J.: 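First the structure, which I've put down as structure tokens, then a few questions once you've had a look.
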Amino acid sequence: MTKVDVLGVQFDNYNMRDFLRKVEERFLHGQGTFIVTANPEIVMYAREHDDYARLIDERADMVSADGIGVVKGAAMLGTPLPERVTGYDLMTNLLAWGSEEKMRVYLIGAKADVNEAAVARVQRDYPDLTVVGARDGYFDLSDQKVLADVIAAEPDMVFAALGFPKQENFLNEVKKQLPGAILMGVGGSFDVLSGKAKRAPKLVQNMHMEWLYRLAKQPSRIGRMAVLPQFLRAVRRSNKNK
Ligand code: UDP
């Protein structure tokens with residue numbers, strides 16, 4: 001099975017290595033890839049917003065399981081996914097590959113100082129990448145100048161750290177004009193890349209407790225995190241109705 005349905009979102013049934021290989025293979029054949037890294041929050045949002053669900057279904061080329069919640073949900077449904085393919089890890093792997101291939105990258109999103117620090121980090125750690133453009137994420141989607149600047153820069157890859165659904169809506173417009181590019185919404189990943197926010201220690205990540213670490217660092221996330229039990233309840237219900 002190449003796709004796994006979790007509450008209406010079709011996830012690609014790949015581990016990190018195969019996911020990357022697929023994106024690379026597509027690129028080398030001149031095919032771009034619009035990647036959505038979907039966590040339980042995104043899945044629940046898509047259930048309530050048809051236009052966003054349709055965008056993921058019809059416009060995204062690949063969907064990864066961003067977080068242990070989705071992996072658990074898939075297992076509960078009897079259609080397990082091999083592992084989580086998080087947005088941050090996918091982004092850094094793509095940056096490393098992009099550097100080897102001497103690609104052109106555009107980094108859009110986050111606050112201006114975070115964006116600048118993320119660009120500096122990319123230039124330091126992935127020296128063979130060319131950053132062809134960058135800007136903060138505080139603009140209106142109706143601002144055509146922002147979109148035009150990305151298109152004119154002719155990037156091979158665009159990482160958009162705008163939060164959902166803004167990042168997917170923006171990248172959908174980019175895709176119409178840059179069908180050969182790799183486009184990916186990366187949420188809060190520039191905050192981590194820039195060093196302004198820290199990821200949980202590896203041990204905590206491996207215990208699948210990264211969410212608890214993020215909550216401890218940023219207690220205001222509690223409202224958003226209430227989505228996880230709602231998500232698991234919805235999975236249980238959908239299992240009963242099968
Ligand atoms: N952001 C942005 N423009 C906006 C709203 C948010 O650039 O209009 C940025 C924000 O600064 C942060 C990221 O988008 O860097 C969203 O982070 P969040 O923690 O919500 O994402 P998650 O990783 O949880 O999906």
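Everything numeric in this text was worked out from a predicted model, so none of it was measured. Start at 1 and go down the list; that is how both ligands and their atoms are numbered.
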J.: Output the set of protein residues with a heavy-atom contact under 4.0 Å to ligand 1, ordered first by chain identifier and then by residue number.
T.: G109, A110, K111, G137, Y138, A161, L162, G163, K166, G187, G188, D191, R214, R221, R224
J.: Less than 4.0 angstrom from a charged side-chain N to a carboxylate O is my criterion; do D89 and R199 meet it?
T.: yes
J.: Evaluate side chain to side chain contact (heavy atoms under 4.5 Å, CB included) for L232 paired with M76, printing each intermediate quantity in order.
T.: CA-CA 9 Å; L232 293 173; M76 282 160 67; 4.0 Å; yes
J.: Has the side chain of N115 got a donor or acceptor atom that lies under 3.5 Å from a matching backbone atom of R135?
T.: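 Yes, because the side chain of N115 sits within donor-acceptor range (under 3.5 Å) of the backbone of R135.
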J.: Can you name the residues that form a side-chain hydrogen bond (donor to acceptor under 3.5 Å, both in side chains) with D140, not counting sequence neighbours?
T.: S142
J.: Would you please name every residue forming a ring pair (Phe, Tyr, Trp, His ring centres under 6.0 Å) with F27, sequence neighbours left out?
T.: W97
J.: Using side-chain hydrogen bond (donor to acceptor under 3.5 Å, both in side chains) as the criterion, list what pairs up with K3, not counting sequence neighbours.
T.: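 side-chain hydrogen bond (donor to acceptor under 3.5 Å, both in side chains) check on K3 returns D12.
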